[in-house]
Amino acid sequence: MLKVRLMGTKNDIAWFKKIMQRHPKIEVLEMSDLYPNKGTDKYYRSYVEVKKSNVKE
């Protein structure tokens, strides 16, 4: 299992979360809410737990 921190704009984070959810070799276990980065209102962070999926292509 991996714990991944995503940092970027709200749109960038949403885009990458969709990619991870649709990827056949990745199983998304948990996704956090968006948290604003200190000192900016443009960038956010989110935490995702993923593991290898057992799906065969």
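Keep in mind the model is a prediction, meaning the values are calculated, not measured. No hydrogens, no waters, no symmetry mates; every other heavy atom, side chains included, goes into these values.
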For the CE atom of Met20 and the CH2 atom of Trp15, what is their distance to the nearest 0.5 Å? 10.5 Å

Straight-line distance of Ser32 OG to Lys17 NZ, nearest 0.5 Å: 5.5 Å

Given the rule that I, L, V, M, F, W and Y join up when any side-chain heavy atoms are under 4.5 Å apart, are Met31 and Met7 in one cluster? no

Hydrophobic cluster identity match, Val4 and Leu34, side-chain contacts under 4.5 Å: yes

Nearest atoms (heavy-atom pairs only) where Tyr44 meets Ile13: O-CD1, 3.5 Å

Tell me whether Tyr47 is reachable from Val28 by hopping between hydrophobic residues (I, L, V, M, F, W, Y) whose side-chain heavy atoms are closer than 4.5 Å. no

Below 4.5 Å, heavy atoms only, C-beta onward: do Val50 and His23 meet side chain to side chain? no

Return yes if some donor-acceptor pair links the side-chain N/O of Arg45 with the main-chain N/O of Gly8 below 3.5 Å, else return no. no

Look at the side-chain heavy atoms of Ile, Leu, Val, Met, Phe, Trp and Tyr, link any pair under 4.5 Å apart, and say whether Ile26 and Leu2 land in one connected group. yes

